[in-house]
Amino acid sequence: MTPRRAAAALVVPPLSFPFPARLHPDADALEQRTLDWMRQHRLTEGAEDEDFRRPQKLGRVGAWLCPDGSFERTLLVSHLAVCTTLMDDRVTDPAARAGDLAGLAGDWLAFDRVLTDPRAEPQFDGVAQRAVRDLWLRLREVATPGQIARLHQAFLVSFLGLTADAAHVAAGRPPTYEEYRFIRHATSTFSIFVVLLEVGNGFELPLPVAQDPDVAALTILAIQTFATAHEIVTCPRDVRLGDACNLAVILARENDTTVQEGMELAAAELRRLTERFLVLADRLRTRNLTAVQQYTAALKDMIAGVLGWLAETEKYAPSNPDPIIAPCVRPGGVPADVRSRGTPADTHHHPSQP
């Protein structure tokens with residue numbers, strides 16, 4: 001079966017969370033301002049590219065993830081979504097396809113220089129670096145020094161994960177389930193977003209509270225829950241593109257079953273993650289830690305909001321012929337026709353999960 005036919009046969013299982021997704025009342029204005037910002041920084045390459053990007057609705061990411069934030073601060077969340085997309089599509093993927101890990105490392109060092117000294121000119125005249133520089137300068141005007149330090153660290157974690165992802169492409173070796181869980185936690189870039197949610201909602205999680213074992217575990221669960229939902233919804237498109245770096249595809253390979261059943265395994269994992277998140281959130285409610293209730297509410301908006309955004313964006317539609325996305329492993333691709341020779345195990349647990 002061809003990847004196109006295999007993707008067409010896949011059905012995304014029903015997904016939901018026991019807390020609602022909410023949309024910012026200024027969602028349309030956030031989208032328009034984001035498109036204007038992309039034009040200003042030459043992030044769209046002519047009318048054809050803009051027509052391609054418009055249905056992706058990247059400006060509405062902030063509207064779904066931060067529905068109660070002030071307009072300008074929620075706009076920062078949307079602009080971060082654009083920047084992280086650029087880091088993946090225009091920096092990581094070309095380096096991975098070329099096997100140029102040294103060049104990729106140099107790019108990340110240049111990005112780090114922007115974060116360390118944003119008032120200096122970027123080392124390379126790249127549009128992605130200039131966009132990150134603009135975002136970072138605006139963030140420094142509204143975020144606290146502690147939040148800036150945590151955001152900087154989160155960017156570095158994302159750079160590391162994107163490099164690991166590119167290394168698997170360059171080596172032609174798909175990651176194992178355990179490897180991929182660690183990689184996806186970093187490449188999701190949501191270690192950045194969880195701090196930016198504080199900025200968007202106008203509160204700060206004190207560093208000792210953020211580092212509290214239960215709060216840190218809640219953050220990990222939130223990121224994994226978000227990433228797992230994203231992996232399930234985007235699986236048909238990844239299959240169509242021959243991309244083996246998808247959680248459902250990896251579960252199918254390791255359990256020797258179909259990708260459809262791999263999606264069901266991922267959905268079962270999503271339910272477990274959600275339940276553990278809720279149990280831990282209830283436990284934290286009794287501890288009365290500073291800003292934790294605001295943080296928990298913001299994480300719920302983020303988790304539920306991803307389904308809202310994925311339901312309206314065309315970025316991950318199976319029919320989207322995005323030429324930028326690089327398959328994770330070539331050759332081989334997705335094991336779309338592998339059939340189960342037993343009952344798939346439902347016992348996966350990542351060491352980083354609490």
Side chains of Val127 and Arg90 in contact at under 4.5 Å (non-hydrogen atoms)
yes
More than 12 heavy atoms of other groups within 6.0 Å of Asn288 CG:
no
Throw together a table of side-chain donor-acceptor distances under 3.5 angstrom for residues 6-19, partners on residues two or more places apart or in other chains.
none

Look at the rings of His79 and Trp37 and say which category their plane angle falls in: under 30° parallel, 30 to 60° tilted, over 60° perpendicular.
parallel
Do the side chains of Leu137 and Arg119 get nearer than 4.5 Å, heavy atoms only?
yes
Between Arg181 and Thr228, is there a side-chain donor-acceptor contact under 3.5 Å, judged purely by atom types and distance?
yes
Report, as yes or no, whether the 6.0 Å neighbourhood of atom CD on Glu312 holds more than 12 heavy atoms from other residues, nucleotides or ligands.
yes
Check whether any side-chain heavy atom of Met38 lies under 4.5 Å from a side-chain heavy atom of Thr34, and answer yes or no.
yes
Modelled atom types, side-chain donor and acceptor of Tyr180 and Glu254, under 3.5 Å:
no
Test side-chain contact (heavy atoms from CB on, under 4.5 Å) on His230 and Phe190; report intermediate values, then the result.
CA-CA 12 Å; His230 190 280; Phe190 264 75; over 6 Å; no
Side-chain heavy-atom pair Leu80, Leu135 within 4.5 angstrom cut-off
yes
Do Gln32 and Asp36 have a side chain donor and acceptor closer than 3.5 Å?
yes
Do Glu72 and Glu141 make a side-chain contact, defined as non-hydrogen atoms from C-beta onward lying under 4.5 Å apart?
no
Counting C-beta onward and ignoring hydrogens, is there a side-chain heavy-atom pair between Lys300 and Leu278 closer than 4.5 Å?
yes
